[in-house]
> 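The structure is given below, and queries will be raised subsequently.
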There are 2 protein chains.
Amino acid sequence: MELDSRKKAILYAIIENYQETGEPVGSRTISKLECLNCSPATIRNEMADLEEMGLIVQPHTSAGRIPTDKGYRLYVDRMLEEQKERDLPALPMVELLGRRMDRVEELLVKMAQVLAANTNYTTMVTGPHYRKNKLKFLQLSPLEAGKLLAVVVLEGNMVKNNIITLEESLDDKAIVDLNFLLNNRLIGLTMEEINLALISALKEEAGGHSRVVVQVLDAVAETFAQDEGYPIYTSGAPNIFRYPELTGGDKASELISTLEEKKELGTVIGRLSTESGSRQDIQVFIGDEVPVDSMKDCSVVTATYSLGDGVQGKISIIGPKRMDYQKVVDTLKDTMNQLDRVFAKEE
Amino acid sequence: MELDSRKKAILYAIIENYQETGEPVGSRTISKLECLNCSPATIRNEMADLEEMGLIVQPHTSAGRIPTDKGYRLYVDRMLEEQKERDLPALPMVELLGRRMDRVEELLVKMAQVLAANTNYTTMVTGPHYRKNKLKFLQLSPLEAGKLLAVVVLEGNMVKNNIITLEESLDDKAIVDLNFLLNNRLIGLTMEEINLALISALKEEAGGHSRVVVQVLDAVAETFAQDEGYPIYTSGAPNIFRYPELTGGDKASELISTLEEKKELGTVIGRLSTESGSRQDIQVFIGDEVPVDSMKDCSVVTATYSLGDGVQGKISIIGPKRMDYQKVVDTLKDTMNQLDRVFAKEE
DNA sequence: TGTTAGCACTCTCAAAAAATGAGTGCTAAC
DNA sequence: GTTAGCACTCATTTTTTGAGAGTGCTAACA
């Protein structure tokens with residue numbers, strides 16, 4: 001069957017109306033609303049066709065229609081295609097960015113908060129993938145007998161620290177030497193690259209302190225291993241309560257659990273990174289496309305941010321399938337643009 | 001009216017039954033359950049008395065009784081009094097503690113998770129109050145042109161780092177000097193004690209670099225100022241969905257919001273610190289006693305933990321008013337004991 | 001051939017009505 | 001002081017009813 005322009009118009013009208021109301025949309029509503037100038041009966045005929053094509057469904061006989069995942073997909077794809085320029089009120093992201101850009105985690109958390117508050121959906125941000133960023137420098141300091149403080153700085157000024165409990169004591173001289181050795185050999189490498197071969201090579205060089213070298217490297221590696229290599233921040237979880245379709249039955253509970261545990265969220269991210277990004281790196285998952293069971297009633301819109309120096313991660317907006325895709329996509333684009341502008345300017 | 005031992009027994013029976021079922025408890029249930037050996041009618045008489053005393057109420061005429069806040073209070077006070085030794089299966093807290101005790105935040109988060117999973121309630125842990133802990137040492141390192149990395153270590157090995165963007169560049173020598181100066185003057189002081197008078201004194205001494213001193217101190221102070229001086233971690237928020245009385249209406253939404261925002265939770269903590277702790281520093285807030293509006297249907301049990309070196313904070317378990325106070329209190333005591341054992345052994 | 005009016009039909013939702021049942025308070029007997 | 005018996009109350013559940021929204025179909029119309 002042909003999807004002529006009127007059918008499209010009707011489909012989009014249904015989607016947008018359903019977006020606002022959350023109620024199934026009837027033929028009468030459409031006939032009034034539209035500049036199509038045709039009667040409910042005509043709309044009904046068209047709707048029957050759209051239903052046959054699998055783009056809309058009736059929740060029950062004699063109810064209005066709601067879009068199917070396939071319907072949404074069509075709508076979203078067109079939207080991403082069109083790239084229509086809209087002017088949104090810019091988010092006060094720059095303000096955040098201006099101050100204390102240095103603290104990456106803090107910045108990400110705030111960003112998530114602003115996005116959640118602005119969209120009324122839930123936001124999830126993954127921190128940069130530590131293992132993929134290069135070591136900028138590493139500093140060992142004596143903390144107390146048998147304990148070392150290791151401060152690790154990665155490109156992009158991500159800082160992590162770790163307290164290492166040693167099995168043997170080291171004097172200050174030894175620490176300075178070790179410091180020098182490690183920096184000399186490791187700077188510029190990513191965590192991934194600091195592998196076994198390298199470690200045993202260092203062990204040789206360290207001579208008497210070989211055990212310490214291993215301990216230090218283990219501890220450092222462990223620091224970056226937690227959170228499966230990247231932290232995940234969420235914000236606006238309570239926003240799901242705005243959407244009855246997400247809170248019926250145990251759904252709210254399951255969603256909140258998923259968000260709290262965060263681990264499973266990684267699968268979304270995992271899935272993301274393997275698939276090729278669409279234009280501007282914005283990807284949309286609709287309903288069943290979301291690879292997390294408890295989110296089958298949700299849609300997820302994802303973008304990749306970059307803070308320069310290879311520091312990058314994903315921002316995702318999680319909402320009901322009837323989310324305002326246009327707004328979400330535009331907001332994310334705006335955010336990405338702001339980030340780019342700030343971090344491009346800086347370099 | 002006299003609260004004789006039978007009345008007490010009945011009250012406690014009601015409380016414990018309601019704890020399990022969440023349903024109002026009728027006279028018949030009690031009469032069967034109890035070794036009191038008396039008929040429902042007798043129980044009814046006693047219940048009428050208990051109601052008159054304000055210890056139990058009927059949600060509506062001809063329903064069973066449920067405990068009032070006052071009833072719970074009586075029950076809890078007795079329980080805290082009795083100090084009955086029960087043997088709970090010990091939580092696998094030690095296991096956590098054994099490994100990587102050094103990372104305080106990580107430890108606290110894990111602890112919250114274990115407690116939440118074990119009790120089926122929500123757990124909230126406040127990190128140590130940074131401002132009250134003494135500075136152990138402070139280290140400035142050049143990061144790149146115009147940027148310094150400041151690593152601050154407090155007693156108890158709490159480490160915070162901060163990237164400082166300077167208005168002027170400093171050569172290595174200057175940084176070393178500044179480092180020395182700051183350490184010399186600030187070690188052993190708490191963040192609270194590093195006040196304006198001290199800062200201006202340092203400014204004098206720093207001579208040419210007075211602006212830098214201020215910037216560094218500001219940045220450090222700001223690091224510890226965030227989170228109002230201490231972080232708050234929560235875990236097990238989804239557990240509230242287990243208790244219908246917490247999820248009716250918008251309650252779930254409000255509770256989850258409160259937990260997510262965390263700020264307001266501080267008021268509980270604030271209230272706590274002013275009131276004198278009961279035995280073993282365990283405090284119980286029942287219903288209206290909780291100083292947070294969205295938690296008027298909850299009870300909160302709080303304990304103070306100490307990780308040695310003045311590193312201390314609060315652990316709170318948040319659940320419905322009909323929570324298993326005995327279990328929660330015992331679990332907290334057990335946890336505190338384990339902490340004490342580990343950290344006492346260490347010193 | 002596409003559009004429209006009309007109408008019977010279906011199904012949800014809300015309100016009203018009726019049945020159910022748990023639990024009480026009271027009284028009178030033990 | 002305790003208990004059996006009984007009438008009464010009130011939330012809950014089920015049933016009934018009615019209203020309303022929306023459809024599909026048919027027949028007329030341009």
Side-chain angles (χ1 to χ4, degrees), chain A residues 1-11 13-15 17-18 20-68 71 244-245 248-249, chain B residues 1-11 13-15 17-18 20-68 71 244-245 248-249:
Chain A
M1 185 165 314
E2 189 66 32
L3 187 67
D4 58 32
S5 77
R6 188 170 69 181
K7 283 194 175 57
K8 270 188 205 166
I10 292 172
L11 174 61
I14 291 173
I15 289 177
N17 192 289
Y18 183 61
E20 288 165 25
T21 64
E23 300 286 310
V25 186
S27 55
R28 167 178 300 257
T29 315
I30 300 294
S31 78
K32 274 189 212 150
L33 200 72
E34 280 312 285
C35 35
L36 295 171
N37 266 352
C38 56
S39 75
T42 309
I43 304 289
R44 278 204 288 281
N45 288 330
E46 299 286 45
M47 279 161 106
D49 292 347
L50 287 170
E51 181 153 11
E52 205 178 320
M53 286 185 261
L55 299 172
I56 55 179
V57 281
Q58 298 179 275
H60 56 84
T61 335
S62 90
R65 306 303 215 284
I66 62 177
T68 61
E245 66 265 46
Chain B
M1 187 164 314
E2 190 65 31
L3 188 67
D4 58 33
S5 77
R6 190 170 68 180
K7 283 193 175 58
K8 271 188 202 164
I10 292 172
L11 173 61
I14 291 172
I15 289 177
N17 191 290
Y18 183 60
E20 287 166 26
T21 64
E23 300 286 310
V25 185
S27 54
R28 167 177 301 257
T29 315
I30 298 293
S31 78
K32 274 189 215 150
L33 200 72
E34 281 312 286
C35 36
L36 296 172
N37 265 353
C38 56
S39 75
T42 310
I43 305 290
R44 277 204 289 282
N45 287 331
E46 299 286 47
M47 280 162 104
D49 291 348
L50 287 169
E51 180 153 13
E52 207 179 318
M53 287 185 261
L55 299 173
I56 55 180
V57 281
Q58 298 179 276
H60 55 84
T61 332
S62 89
R65 307 303 217 284
I66 61 176
T68 60
E245 65 264 46

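In what follows, chains carry the letters A, B, and so on, assigned in the order in which the sequence lines appear, proteins first and then strands, with residues in each chain numbered from 1.
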> With side chains defined as the heavy atoms from C-beta onward, is the minimum distance between A:P24 and A:P59 less than 4.5 Å?
yes
> How far does the helix from C:dT1-D:dA30 to C:dC30-D:dG1 bend, going by the axes of its first and last five pairs, to the nearest 10°?
20°
> For B:E46 and D:dT3, give me the distance from atom CD to atom C1', rounded to whole Å.
13 Å
> Would you check if B:K7 and B:L55 make a side-chain contact, meaning some heavy-atom pair closer than 4.5 Å?
no
> Within the distance-only criterion (no hydrogens, no angle test), does the side chain of A:T21 pair as donor or acceptor with the backbone N or O of A:N17 below 3.5 angstrom?
yes
> Rounding to an integer number of Å, can you tell me how far A:I30 CD1 sits from D:dA21 P?
16 Å
> Expressed as a whole number of angstroms, how long is the span from A:I43:CD1 to C:dG2:C1'?
13 Å
> Can you check each nucleotide of nucleotides 22-30 of chain D against protein heavy atoms at under 4.0 Å and return B for base, S for sugar-phosphate only, - for none, in 5' to 3' order?
BBB------
> Are the side chain of A:Q58 and the backbone N or O of A:G64 linked by a donor-acceptor pair below 3.5 Å?
no
> Under 4.5 Å between any side-chain heavy atoms of A:E46 and A:I10, yes or no?
yes
> For B:G71 versus B:L11, what's the shortest heavy-atom pair and its separation?
O-CD2, 4.3 Å
> How close do B:I30 and B:A13 get, heavy atom to heavy atom, and via which atoms?
CD1-CB, 3.8 Å
> If you pin B:R6 and B:H60 to their nearest nucleotides in DNA chain D, which one's is more 5'?
B:R6
> Determine whether a donor-acceptor pair (N or O, by modelled atom type, separation under 3.5 Å) exists between the side chain of A:S27 and the backbone of A:I43.
no
